[in-house]
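Please read these numbers as outputs of a predicted model, since none were measured by experiment. Computation of the quantities below employed the complete heavy-atom set of this structure, encompassing side-chain atoms and omitting hydrogens, waters and symmetry-equivalent molecules.
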Amino acid sequence: MKVCVLTLGCKVNECESRSLIAALRSAGCDVTEELCRADRYIINTCSVTGEADRKSRQAAGKALRANPDAKIYVCGCSSQREPSAYLSRKNVVYISGNGRKNDVLQYIMSDIIRKPIISDLTVPSAFEEMVQPAHEKTRDYIKIQDGCNNFCSYCIIPYVRGRSRSRAPESVLAEAREAARHTREIVLTGIDVSSYGRDIGFSLTELVRLLAPLPVRKRLSSFECTVIDRPLLEALKESGFCDHFHLSLQSGSDAVLKAMNRHYTTAEYLCKTELIREYFPDAGITTDVIAGFPSETEEHFAETCAFVRRVGFSDMHVFPYSERKGTRAAGMPQLPMAERRRRAHILGEIKAELKRDFLLSQMGRTLSVYFEEESDGECSGYASNYVRVYADKRSGETADITVKELYKEGVR
């Protein structure tokens with residue numbers, strides 16, 4: 001039996017899909033992640049924006065076009081939030097959410113479904129283990145946590161993922177050890193990595209130290225500035241973690257941060273970035289910024305533009321605000337979409353300026369680079385601070401590279 005697993009959204013979804021793939025292969029299935037003709041399709045959906053919901057629903061139609069007779073199984077955030085949107089779609093026989101994702105396997109293997117069913121949509125209260133995925137990529141992700149307690153006013157994810165829950169440290173270590181045998185870099189990921197361990201009497205700092213002996217490059221994915229302190233930074237430095245920090249900002253205005261229900265001020269955020277640079281002077285610090293939040297005035301927006309320049313980010317992800325039904329912010333007076341896009345465009349120009357400044361600061365420096373991709377006779381990879389580096393090297397090679405000039409979206 002051929003099964004196609006289609007994944008939308010975040011790295012956590014990707015980790016869960018890879019677990020499903022490993023279990024299906026263990027059961028003897030021919031599994032692919034490429035959209036093609038298959039007997040069964042699993043669609044692991046996303047709901048972070050309205051566009052993500054739309055693409056998740058479209059995936060069911062794409063599967064049908066690939067094989068009109070196939071059976072379709074849906075799971076993830078979008079189906080957790082709105083299962084009825086999938087119930088009426090042709091050939092969708094099974095709908096679940098973010099809990100008990102493993103259950104889809106027994107339905108596929110037994111082929112017992114004769115009419116569409118909606119599984120139990122109860123969000124788990126404890127971390128659910130899945131089959132350990134195969135680690136085959138040069139950079140691979142390990143899920144350490146699920147859910148979120150922050151309830152930012154613009155975000156639907158806590159409602160579809162549930163409360164924060166942490167994976168047992170011994171389980172994380174076991175997968176990390178196995179991954180280290182096959183990959184050159186591991187990234188710890190989750191819905192809210194910052195909250196790791198609080199529900200199980202452990203901490204992110206302790207987990208970082210636990211992983212110190214592994215002979216691979218190690219990174220943390222996106223996390224909150226509130227978790228940054230000296231013990232964590234000392235542990236990251238001593239445990240060989242990369243000097244790249246993706247700290248979500250969302251706004252550089254204290255008034256907007258309060259309306260967003262973010263749990264820090266701009267002064268606190270700036271203090272954390274200064275502390276990072278005390279331990280990692282050449283760190284790449286990246287972030288996310290939302291433009292055009294409902295309560296954002298022109299003055300607030302000007303504060304954000306000034307603040308991101310003051311921090312000096314190495315890169316930014318900029319998004320025009322997108323309202324999500326069911327969140328508090330969706331009930332606020334909305335700015336016109338044209339204005340949100342205008343502000344996003346301005347921030348995009350600042351992003352390009354800041355990135356260029358950071359890349360220029362790398363000139364003459366020697367960076368340790370793992371080269372991952374080869375194209376048109378040249379290789380590229382990332383330095384520890386997440387600068388993309390091009391050089392005349394071979395894929396799979398690690399080398400110390402002296403930066404000479406700006407090149408494409410990085411340096412060479």
*Quick one: pull up CZ in Phe223 and CD1 in Ile228 and give me the separation to the nearest 0.5 Å.*
4.0 Å
*asked:* Rounded to the nearest 0.5 Å, what separates atom SG in Cys75 from atom OH in Tyr86?
replied: 10.0 Å
Between [Y] and [X], does any NZ, NE, NH1 or NH2 come within less than 4.0 Å of an OD or OE carboxylate oxygen?
| X | Y | value |
| --- | --- | --- |
| Arg342 | Glu339 | yes |
| Asp53 | Arg81 | yes |
| Glu16 | Arg161 | yes |
| Asp39 | Lys71 | no |
| Arg54 | Glu51 | yes |
| Glu268 | Lys272 | no |
| Glu129 | Arg167 | yes |
| Arg340 | Glu323 | yes |
| Lys393 | Glu374 | no |
| Glu378 | Lys408 | yes |
| Glu372 | Lys137 | no |
| Asp199 | Arg165 | no |

[Y] and [X], any side-chain heavy atoms less than 4.5 Å apart:
| X | Y | value |
| --- | --- | --- |
| Arg388 | Glu373 | yes |
| Phe301 | Leu347 | yes |
| Arg309 | Ile350 | yes |
| Ile142 | Thr189 | no |

*Under the 6.0 Å and 45° cation-pi test, does Lys237 pair with Phe280?*
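Relative to the ring axis of Phe280, which defines the angle, Lys237 lies inside both limits.
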*With a cut-off of under 6.0 Å to the ring centre and 45° to the axis, is Arg412 in cation-pi contact with Tyr407?*
yes
*Starting from the C-alpha separation in whole Å, work towards a yes-or-no answer on salt bridge (charged side-chain N to carboxylate O under 4.0 Å, His left out) for Glu185 and Arg219.*
CA-CA 8 Å; Glu185 182 175 298; Arg219 296 184 188 272; 2.7 Å; yes
*Can you tell which of His135, Gln132, Lys143 makes a side-chain hydrogen bond (donor to acceptor under 3.5 Å, both in side chains) with Glu175?*
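Option passing the side-chain hydrogen bond (donor to acceptor under 3.5 Å, both in side chains) with Glu175: His135.
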Relative to the ring of [Y], is the ring of [X] parallel (under 30°), tilted (30 to 60°) or perpendicular (over 60°)?
| X | Y | result |
| --- | --- | --- |
| His317 | Phe319 | perpendicular |
| Tyr94 | Tyr73 | tilted |
| Tyr269 | Tyr264 | tilted |

*When you look at Arg209 and Glu238, which way does the salt bridge (charged side-chain N to carboxylate O under 4.0 Å, His left out) test go after all the steps?*
CA-CA 8 Å; Arg209 291 199 178 278; Glu238 293 168 4; 2.8 Å; yes
